[in-house]
Amino acid sequence: MPELPEVERVRRTLLPAMLGASFDRVVLNRPDLRRPFPAGFVRRLRGQRVQTLTRRGKYLLAVLSSGDFLVIHLGMSGWLRVERTATLHGRPRDPAADLERRHDHVVFKMSTGLTVTFNDPRRFGVMDLMDAGRPPLGTLGPEPLSRAFDARALAGRVANRRVSLKVALLDQRIVAGIGNIYASEALHLARLSPFRAAATVATRAGAPRPGAERLTAAIKAVLRRAIGLGGSDRYRGARFRVYDREGEPCATDGCRGVIARIVQAGRSTFYCPVCQR
DNA sequence: ATTGAGACCTGTCGGC
DNA sequence: TGCCGACAGGTCTCAA
């Protein structure tokens with residue numbers, strides 16, 4: 001589920017439950033996610049008030065009244081849901097819901113009376129208390145929707161990089177928050193081939209090449225649109241331009257191409273061999 | 001210093 | 001129907 005637009009949607013869902021509220025109870029249903037929870041995790045959260053709830057790339061960041069930073073990454077399959085009441089007993093059996101609750105790994109009971117539950121079947125997510133200036137947070141590239149991320153910034157960051165453009169977009173140090181879906185989407189909108197060496201959109205004669213302008217604009221457009229649609233998952237939001245559309249006709253005006261799927265760095269790339277150059 | 005491959009997990013889907 | 005492999009929205013580590 002989660003790339004930048006989906007994480008942003010989760011953040012907005014969480015605001016009414018968590019912002020300005022404190023942790024009344026914290027329950028860990030297992031000792032680890034991708035990594036163990038840090039020592040004293042429950043104790044350090046309990047009673048703390050959430051002062052800010054922001055997003056950096058694909059990370060959610062809560063600054064607590066104690067000064068601690070609660071950091072949450074949703075991994076591949078993580079999400080957070082907000083519920084009004086604890087649903088512990090007296091409910092009719094619902095096999096589908098029971099199955100899902102098997103992966104409720106962390107529960108926050110907030111002073112708003114709302115419960116926030118972290119669910120993550122694959123357990124690639126991370127929850128930690130850490131310094132915002134430290135890696136990986138400190139090594140993230142610019143926020144793609146910020147002013148600071150423009151053609152010049154992108155060009156500077158891909159200079160001398162021999163990896164393909166697609167793989168470069170997945171590197172969170174170059175730009176933060178893009179994942180496998182929106183990398184393919186942005187390249188298609190920008191009509192740039194995923195195979196190109198990243199450095200081919202770098203600076204020449206002191207100015208970013210045209211590809212860098214198109215690509216930054218496409219990244220912003222694709223992400224803004226997805227945020228506007230509430231992100232994407234199986235059941236809602238985005239109709240993708242190319243992602244998961246192998247064999248379908250290309251959506252670019254006047255293009256007769258057919259969407260292809262290939263693998264780069266172990267991940268699927270969807271693209272149009274005709275209009276992406 | 002970069003880069004690719006493999007590891008970490010569970011679930012789902014399509015083919016036989 | 002059941003079994004099996006391929007694949008899934010992300011990092012992280014390790015060897016070349």
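In the text below, chain A, chain B and the rest are named by the order of the sequence lines, each starting its count at 1. As the structure is a computational prediction, the values presented were derived from the model and not from experiment.
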How is A:Arg173 classified with respect to the nucleic acid when contacts are heavy atoms under 4.0 Å: base, sugar-phosphate, or nothing?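 It contacts nothing in the nucleic acid.
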For a quick check of understanding: with a heavy-atom distance under 4.0 Å over all strands, which category does A:Ser77 fall into, base, sugar-phosphate or nothing?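 It contacts nothing in the nucleic acid.
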Give a yes or no on whether a salt bridge exists between [X] and [Y], defined as a side-chain N under 4.0 angstrom from a carboxylate O.
| X | Y | answer |
| --- | --- | --- |
| A:Arg55 | A:Glu8 | yes |
| A:Asp171 | A:Arg173 | yes |
| A:Glu6 | A:Arg9 | no |

OP1 or OP2 of [N] sitting under 4.0 Å from any side-chain N/O of [X]?
| X | N | result |
| --- | --- | --- |
| A:Arg267 | C:dG9 | yes |
| A:Gln172 | C:dT11 | yes |
| A:Tyr182 | C:dG9 | no |
| A:Arg34 | B:dC9 | no |

Is there, by distance only and without an angle test, a donor paired with an acceptor across the side chain of A:Arg122 and the base of B:dC9 below 3.5 Å?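 It does, because a donor-acceptor pair links the side chain of A:Arg122 to the base of B:dC9 below 3.5 Å.
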Once ring pair (Phe, Tyr, Trp, His ring centres under 6.0 Å) is applied, what residue pairs with a partner in residues 24-45 of chain A remain, sequence neighbours excluded?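 For residues 24-45 of chain A: A:Phe37-A:Phe41.
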Not counting sequence neighbours, list each pair that qualifies as a ring pair (Phe, Tyr, Trp, His ring centres under 6.0 Å) and has a residue in residues 193-215 of chain A.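 Listed once each, the pairs are A:Phe195-A:Tyr271.
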Please tell me which of the listed nucleotides, [options], lies nearest to the side chain of [X]?
| X | options | value |
| --- | --- | --- |
| A:Arg261 | B:dT3, B:dT10, C:dC7 | C:dC7 |
| A:Arg102 | B:dT10, C:dC12, C:dG10 | B:dT10 |
| A:Asn180 | C:dG9, B:dT10, C:dT11 | C:dG9 |
| A:Arg161 | B:dT3, C:dT11, C:dC12 | B:dT3 |
| A:His103 | B:dG11, C:dG9, B:dT3 | B:dG11 |
| A:Tyr59 | B:dG11, B:dT3, C:dC12 | C:dC12 |
| A:Glu6 | C:dG9, C:dA8, C:dG10 | C:dG9 |
| A:Pro121 | B:dT3, B:dG11, C:dG10 | B:dG11 |

Please check: side-chain N/O of A:Glu248 versus main-chain N/O of A:Val258, any donor-acceptor pairing under 3.5 Å?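 A pair under 3.5 Å: no.
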Calculate the interatomic distance between A:Asn119 atom CG and B:dG11 atom P; express it in whole Å.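 Whole-Å distance recorded here is 10 Å.
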Take the protein atom NE2 of A:His73 and the nucleotide atom C1' of C:dC12, then report the distance between them rounded to whole Å.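 Atom-to-atom, A:His73 to C:dC12, this comes out as 11 Å.
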Bracket notation of DNA chain B in which parentheses pair within the strand, [ ] cross earlier pairs, and | pairs with another strand (Watson-Crick or G-U, under 3.5 Å): .|||||||.|||||||
pi-stack flag for A:Phe124 and C:dT11, centroid dist under 5.5 Å, interplanar under 30°: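 So no, this residue does not stack on that base, at least one cut-off failing.
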Check the pair A:Thr115 / A:Arg81 against side chain to side chain contact (heavy atoms under 4.5 Å, CB included), numbers first and verdict last. CA-CA 8 Å; A:Thr115 297; A:Arg81 64 175 199 273; over 6 Å; no
Does A:Leu169 form a side chain to side chain contact (heavy atoms under 4.5 Å, CB included) with A:Leu187? I'd like the steps, not just the answer. CA-CA 9 Å; A:Leu169 288 182; A:Leu187 287 170; 3.8 Å; yes
C1' atom, C:dC12 versus B:dG11: distance in rounded Å?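 Each nucleotide's C1' atom is 22 Å from the other's.
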How far does the P atom of C:dG5 sit from the matching atom of B:dA7, given to the nearest Å?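 Approximately 16 Å lies between the P atom of C:dG5 and that of B:dA7.
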Where each residue is assigned the nucleotide of DNA chain C containing its nearest heavy atom, which of A:Glu3 and A:Arg35 is assigned the position nearer the 5′ end?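 Per heavy-atom nearest nucleotide, the more 5' residue is A:Glu3.
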